[in-house]
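Report on the following structure.
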Amino acid sequence: QKEVEQNSGPLSVPEGAIASLNCTYSDRGSQSFFWYRQYSGKSPELIMFIYSNGDKEDGRFTAQLNKASQYVSLLIRDSQPSDSATYLCAVTALYYGGSQGNLIFGKGTKLSVKP
Amino acid sequence: DGGITQSPKYLFRKEGQNVTLSCEQNLNHDAMYWYRQDPGQGLRLIYYSQIVNDFQKGDIAEGYSVSREKKESFPLTVTSAQKNPTAFYLCASSTRPAVDEKLFFGSGTQLSVL
């Protein structure tokens with residue numbers, strides 16, 4: 001059973017701090033890794049994707065990938081109350097559902113940024 | 001504006017009734033997907049389609065059916081065989097599955113049982 005694991009939280013950080021969100025995955029063949037942000041009652045929106053080991057930065061967001069440890073993380077610098085949402089980790093799974101390239105989602109980590 | 005349109009936003013189903021959720025996209029994407037989300041849970045794949053007139057079952061297809069007669073449209077029918085249909089349903093699309101899996105989501109349909 002291919003799995004993506006996330007700490008459900010809630011993760012509470014003060015405004016201006018760094019929020020660190022973690023995700024582990026079981027399929028060693030996974031090639032692509034995504035972070036989606038989902039506000040309550042809304043649909044997910046893609047905020048970061050990473051394909052290679054190392055760090056990828058985009059504004060206040062940094063995605064980190066370590067394929068050897070099967071671990072991907074999202075750092076949010078200078079956290080703002082507007083960052084309060086559930087963050088979903090998604091990983092490609094080869095041959096999931098009979099087709100290459102479909103995504104498996106974790107259950108999400110709820111982040112709360114306190115003013 | 002390009003995007004994915006889901007309708008209705010809220011839907012109520014009576015016992016034994018089939019209901020259909022609409023999903024339309026004007027992004028010219030080849031692949032379309034239906035996900036189900038239960039409270040506090042991740043997204044689970046119901047059905048997906050990589051090309052017109054072709055679709056595949058996902059992890060939880062039982063009690064659901066789909067069609068893909070046009071590239072732009074991928075409706076989902078929740079049949080009476082689905083005994084626990086209350087959930088948030090999300091339609092998504094992507095350009096080329098297995099090459100670029102970045103998903104774009106519609107705004108979702110909340111289905112409840114009367």
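Lettering of chains follows the sequences in order, A, B, ..., and the numbering in each one begins at 1. The figures here come from the full heavy-atom set of this structure, side chains too, leaving out hydrogens, waters and symmetry mates. Remember, it's a predicted structure, so these values are computed and weren't measured experimentally.
The neighbour count for L27(B) CG, taken as heavy atoms of other residues, nucleotides or ligands under 6.0 Å away, is above 12. For Q80(A), the CD atom counts as densely surrounded, since its 6.0 Å shell holds more than 12 non-hydrogen atoms of other residues, nucleotides or ligands.
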Could you pull out all donor-acceptor pairs under 3.5 Å where a side-chain atom in residues 65-72 of chain A meets a protein atom, sequence neighbours excluded?
{"from": "N66(A)", "atom 1": "OD1", "to": "A68(A)", "atom 2": "N", "distance (Å)": "3.1"}
{"from": "N66(A)", "atom 1": "OD1", "to": "S69(A)", "atom 2": "N", "distance (Å)": "2.9"}
{"from": "K67(A)", "atom 1": "NZ", "to": "Y51(A)", "atom 2": "O", "distance (Å)": "3.3"}
{"from": "Q70(A)", "atom 1": "OE1", "to": "R28(A)", "atom 2": "NE", "distance (Å)": "3.1"}
{"from": "Q70(A)", "atom 1": "OE1", "to": "R28(A)", "atom 2": "NH1", "distance (Å)": "3.3"}
{"from": "Q70(A)", "atom 1": "OE1", "to": "R28(A)", "atom 2": "NH2", "distance (Å)": "3.1"}
{"from": "Q70(A)", "atom 1": "NE2", "to": "Y25(A)", "atom 2": "O", "distance (Å)": "2.9"}
{"from": "Q70(A)", "atom 1": "NE2", "to": "S26(A)", "atom 2": "O", "distance (Å)": "3.2"}
{"from": "Y71(A)", "atom 1": "OH", "to": "N22(A)", "atom 2": "OD1", "distance (Å)": "2.8"}

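Both the backbone and the side chain of L43(B) come within less than 4.5 Å of a heavy atom of chain A. The part of Q38(A) that comes within reach of chain B is its side chain, from C-beta onward, which places non-hydrogen atoms under 4.5 angstrom from that chain. Contacts between Y35(B) and chain A at a heavy-atom distance below 4.5 Å involve the side chain alone, from C-beta outward. Looking at Q110(B), there are no atoms closer than 4.5 Å to chain A (heavy atoms on both sides), in backbone or side chain.
Residues L103(A) and L103(B) have side chains in contact (heavy-atom distance under 4.5 Å, counting atoms from C-beta outward).
Taken together through direct or relayed side-chain contacts under 4.5 Å among Ile, Leu, Val, Met, Phe, Trp and Tyr, I76(A) and M48(A) form part of one hydrophobic cluster. No single ILVMFWY cluster, assembled from side-chain heavy atoms under 4.5 Å apart, contains both F105(B) and L76(B). Hydrophobic clustering, with ILVMFWY side chains joined whenever heavy atoms are under 4.5 angstrom apart, keeps W34(B) apart from L46(A). Connection of L88(A) to L75(A) is not established within any shared hydrophobic cluster, with ILVMFWY side chains joined at heavy-atom distances below 4.5 Å, either directly or through further cluster members.
Between the OG1 atom of T86(A) and the CD atom of Q37(B) there is a distance of 8.0 Å, given to the nearest 0.5 Å. For the atom pair CG of L90(B) and CZ of F105(A), the computed distance is 9.0 Å after rounding to the nearest 0.5 Å.
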Do K102(B) and F49(A) pass the side-chain contact (heavy atoms from CB on, under 4.5 Å) test, and can you show the C-alpha distance, the side-chain angles, and the key distance before you say yes or no?
-> CA-CA 8 Å; K102(B) 293 192 286 291; F49(A) 58 92; 3.6 Å; yes
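In terms of modelled atom types and a separation under 3.5 Å, the side chain of S43(A) and the main chain of G106(B) share a donor-acceptor contact.
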